[in-house]
There are 2 protein chains.
Amino acid sequence: MDETHDALTRKLQAFKGLGPEDLAMLRELQKPRSLIEAGKEVVYEGQYPHAAYILREGWACAYKRLRDGSRQIIDIQIPGDFLGLRSLLLRASDHSFLTITDVEVARLDRQRMLEVFRRTPRLAVGLMWAASRDEAMVVEHLVSIGRRDAFERTAHFLLELGERLKLVGIGDGSTYPCPISQSILADALGMTAIHINRVLRQLREAKIVVFRDGVVEFQDIKRAADVTGFEMAYLDQGPAT
Amino acid sequence: MDETHDALTRKLQAFKGLGPEDLAMLRELQKPRSLIEAGKEVVYEGQYPHAAYILREGWACAYKRLRDGSRQIIDIQIPGDFLGLRSLLLRASDHSFLTITDVEVARLDRQRMLEVFRRTPRLAVGLMWAASRDEAMVVEHLVSIGRRDAFERTAHFLLELGERLKLVGIGDGSTYPCPISQSILADALGMTAIHINRVLRQLREAKIVVFRDGVVEFQDIKRAADVTGFEMAYLDQGPAT
DNA sequence: CGGAATTTTGACAGGCTTCAAACGCGGTGG
DNA sequence: CCACCGCGTTTGAAGCCTGTCAAAATTCCG
């Protein structure tokens with residue numbers, strides 16, 4: 001019944017119901033939309049103030065590049081996610097963005113954000129919840145890179161992505177479209193593209209998950225969750241763990 | 001002249017000046033204080049709502065434990081930092097805390113937080129700035145673990161810690177007290193205690209930094225920053241990079 | 001159809017972990 | 001006062017996971 005809702009609205013509803021004014025403001029926030037084509041690097045440096053964006057359609061990622069040219073992807077953004085929310089408050093933005101597919105975004109500047117806090121505090125809490133959840137994902141990502149080996153880490157990542165997508169109505173958690181290349185996956189998981197390829201083969205041969213032709217398909221999602229120790233509590237979105 | 005200020009106040013002043021009501025509220029927030037001894041594990045799980053804490057004195061860390069018993073430390077907290085701010089909004093808290101030294105904390109519940117937003121919006125923005133900065137540190141931490149080798153990662157961590165401590169009046173950025181054990185350091189940096197020990201020896205022999213007897217002392221801080229590619233912009237605290 | 005980007009595979013090297021054990025130091029009890 | 005113990009630090013040796021180098025196979029796209 002809420003097929004008419006956009007991704008962000010769906011996501012926020014999963015947290016707490018919104019009133020009519022909240023929904024109106026949310027529509028308003030996503031009003032001036034713009035399109036960016038796939039593969040565009042949005043370098044995001046220099047001085048404050050920056051704007052943030054709501055990603056309405058398409059996939060993107062936030063990354064940091066190191067001096068030696070290597071790249072670490074901080075997180076992957078899917079419809080309903082924010083881009084650069086942190087930079088609304090920090091004086092120096094510290095990372096850049098890359099559009100993975102063609103995307104549609106809505107600009108969100110400081111001014112409008114403050115307006116949300118003044119006029120629709122319930123929505124404001126919802127947005128802060130979403131930001132907290134994003135942070136929890138970065139934290140889990142950190143744990144993965146620090147303490148899980150490549151095999152576990154990859155499966156964990158694909159499981160998380162499936163749940164996130166399900167929340168905004170894409171896929172069912174066990175099969176979903178996934179337009180990211182192996183080299184992006186590698187930079188997200190802190191390994192090389194060559195090794196990610198080997199790991200994906202292992203996952204395939206272990207009959208856990210197949211990632212091929214832009215589609216992720218779990219064959220044994222239970223065992224996947226078990227092997228990687230995936231607990232979805234930190235996503236704060238589903239039936240309790 | 002602000003020697004009379006506590007760590008959090010010092011930190012927030014570095015962001016933006018606070019008015020008299022802000023300062024009063026900030027004092028008020030830190031009012032009911034309590035002490036926790038060193039080495040105490042504050043397991044932080046189960047259901048919402050949780051409270052957050054302001055760390056007034058001492059050191060602590062936030063960590064997650066994996067099923068196999070290994071531990072990943074998310075971040076180290078020093079005076080003026082928050083503990084568990086994220087859990088004010090998420091329904092399931094996802095990590096625990098460990099006190100590294102004896103600490104003094106002040107409880108911060110949802111109620112009082114909302115009061116800050118209502119009554120002293122300028123202070124609220126300051127607190128959100130601090131939260132954003134904490135998140136930026138987690139992100140940099142992620143980049144370190146993902147893309148820097150053990151040597152760079154360790155030096156980078158010690159540089160960051162020095163700058164953070166300097167901001168709250170502890171040490172001068174190049175020499176500072178540091179009560180953390182090598183095994184905690186290892187779990188923070190995603191490696192083993194054994195390897196951290198070897199890396200610290202390398203850093204010592206390279207005449208970059210000595211960490212011994214609870215004191216970190218850089219011998220060549222310029223080269224340290226150069227070797228690790230340390231840019232302090234993300235800390236958003238000092239003269240521009 | 002041709003060139004570029006991505007995926008895939010193999011061989012080898014190296015950084016880090018694992019396993020083992022010695023060392024130093026502060027605290028405790030005999 | 002000293003033996004004993006626990007904890008953190010230090011060092012050594014061996015092995016594995018992952019990176020590096022190289023190149024072929026495949027797909028994408030103009």
Side-chain angles (χ1 to χ4, degrees), chain A residues 37-41 59 66 68-73 98-102 144-157 178-206 209-216 227-228, chain B residues 37-41 59 61 66 68-73 98 100-101 144-155 157 178-206 209-216 227-228:
Chain A
E37 61 185 347
K40 193 101 192 268
E41 309 234 355
W59 294 46
L66 282 76
D68 68 357
S70 63
R71 176 178 67 172
Q72 176 63 47
I73 289 175
L98 168 67
T99 54
I100 294 174
T101 66
D102 291 344
S144 259
I145 295 184
R147 288 293 179 227
R148 285 192 252 259
D149 67 25
F151 187 85
E152 298 171 332
R153 191 150 86 232
T154 304
H156 190 279
F157 177 83
C178 180
I180 72 189
S181 70
Q182 291 185 9
S183 102
I184 286 180
L185 193 51
D187 283 346
L189 296 176
M191 41 188 166
T192 59
I194 293 172
H195 197 59
I196 246 294
N197 184 283
R198 286 191 274 249
V199 170
L200 287 174
R201 174 152 56 93
Q202 288 171 34
L203 286 166
R204 203 184 313 135
E205 288 170 353
V209 57
V210 177
F211 177 19
R212 194 166 254 172
D213 299 325
V215 175
V216 170
V227 164
T228 67
Chain B
E37 61 186 348
K40 193 101 191 272
E41 308 233 355
W59 294 47
C61 66
L66 282 74
D68 67 357
S70 63
R71 175 177 69 170
Q72 175 64 46
I73 290 175
L98 168 68
I100 294 174
T101 66
S144 259
I145 296 184
R147 289 290 181 231
R148 285 193 253 259
D149 67 25
F151 186 85
E152 297 172 332
R153 192 150 84 234
T154 305
F157 177 83
C178 180
I180 74 190
S181 71
Q182 291 185 9
S183 101
I184 286 181
L185 194 51
D187 283 345
L189 296 177
M191 43 187 165
T192 60
I194 294 170
H195 196 60
I196 247 294
N197 183 283
R198 286 193 266 254
V199 170
L200 287 174
R201 175 154 53 93
Q202 288 170 35
L203 285 166
R204 202 184 313 131
E205 289 171 353
V209 58
V210 177
F211 176 19
R212 193 166 255 171
D213 300 323
V215 175
V216 170
V227 164
T228 66

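Computation of the quantities below employed the complete heavy-atom set of this structure, encompassing side-chain atoms and omitting hydrogens, waters and symmetry-equivalent molecules. Since the model is a prediction, treat every value here as computed from it, not as a measurement.
- If you take CZ of B:R148 and P of D:dG19, they are 17 Å apart, rounded to a whole angstrom.
- Heavy-atom distances under 4.0 Å link DNA chain D to no residue of residues 199-206 of chain A.
- For B:V215, the side-chain contact (heavy atoms from CB on, under 4.5 Å) partners two or more places apart in sequence, or in a different chain, are B:T175.
- Across the protein-nucleic acid pair, A:E152 atom CD and D:dC16 atom C1' stand 15 Å apart, rounded to whole Å.
- Rounded to the nearest 0.5 angstrom, A:T99 OG1 and A:K40 NZ are separated by 8.0 Å.
- Residue contacts for A:G190: at a heavy-atom cut-off of 4.0 Å it reaches the sugar-phosphate backbone alone, with no base atom in range.
- Taking the nucleotide of DNA chain C with the nearest heavy atom to each of A:R212 and A:R147, the more 5' of the two is matched to A:R212.
- Among the heavy atoms of the strands lying under 4.0 Å from B:A150 are primed sugar atoms or P, OP1, OP2 only; no base atom is included.
- Rounded to whole Å, atom P of C:dC16 lies 16 Å from atom CG of A:D149.
- Shown here for A:V216 and A:C178, the closest heavy-atom pair between the two residues is CG2-CB, 3.7 Å.
- In this structure, CG of B:L189 is placed 11 Å from P of C:dT17, rounded to the nearest angstrom.
- Every residue two or more places apart in sequence or in another chain that forms a side chain to side chain donor-acceptor pair (under 3.5 Å) with A:R147 is listed here: B:D187.
- In this view, B:A155 and B:L203, B:T228 satisfy the side-chain contact (heavy atoms from CB on, under 4.5 Å) rule, not counting sequence neighbours.
- Note that CD1 of A:I73 is 7.5 Å distant from OG of A:S183, once rounded to the nearest 0.5 Å.
- A:L189 pairs in a side chain to side chain contact (heavy atoms under 4.5 Å, CB included) with only one of the listed residues (A:T154, A:V199, A:I145), which is A:T154.
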## Note on the structure
Under a 4.0 Å heavy-atom criterion, the protein footprint on nucleotides 25-30 of chain D, written with B, S and -, is ------
Using a cutoff of under 3.5 Å, can you pull out all pairs of nitrogen or oxygen atoms linking the protein to nucleotides 6-9 of chain D, with atom names and distances?
residue, atom, partner, partner atom, Å
D:dT9, OP1, B:Q182, N, 3.3
D:dT9, OP2, B:Q182, N, 3.0

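- A:A186 approaches A:A193 most closely through the heavy-atom pair CB-N, 3.4 Å.
- Pairs passing the side-chain hydrogen bond (donor to acceptor under 3.5 Å, both in side chains) check and including a residue from residues 190-203 of chain B, sequence neighbours excluded, read B:Q182-B:N197.
- A search for side chain to side chain donor-acceptor pair (under 3.5 Å) contacts involving B:S144 returns B:R148, not counting sequence neighbours.
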What protein N or O atoms touch nucleotides 18-27 of chain C N or O atoms at under 3.5 angstrom, if any, and at what distances?
residue, atom, partner, partner atom, Å
C:dT18, O4, B:R198, NH2, 3.2

### Message
Please determine whether side-chain contact (heavy atoms from CB on, under 4.5 Å) holds for the pair B:D149 and B:M191, giving the CA-CA distance in whole Å, both sets of side-chain angles, and the decisive distance to 0.1 Å.
### Response
CA-CA 10 Å; B:D149 67 25; B:M191 43 187 165; over 6 Å; no
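- By the side-chain contact (heavy atoms from CB on, under 4.5 Å) test, B:D68 is found to be paired with B:L66, B:S70, residues two or more places apart in sequence or in another chain being considered.
- Contact between A:A206 and A:F151 at its shortest, heavy atoms only, is CB-CZ, 4.5 Å.
- Legend: residues meeting side-chain contact (heavy atoms from CB on, under 4.5 Å) with B:A38, ordered by chain and number and at least two apart, are B:D102.
- To the nearest 0.5 Å, the span separating CZ on A:F157 from CD1 on A:I180 amounts to 4.5 Å.
- Per the geometry, CD1 belonging to B:I196 stands 14 Å off P belonging to D:dT11, to the nearest Å.
- Comparing the end axes of the helix from C:dC1-D:dG30 to C:dG30-D:dC1, each fitted to five base pairs by superposing C1' atoms of four pairs onto the next four, gives an inter-axis angle of 40° (nearest 10 degrees).
- Here D:dT20 presents its P atom at 9 Å from CG of A:D68, a figure rounded to the nearest Å.
- D:dG19 atom C1' lies 13 Å from atom CG of A:D187, rounded to whole Å.
- A:L185 places its CG atom 15 Å from the C1' atom of D:dT18, with the value rounded to the nearest Å.
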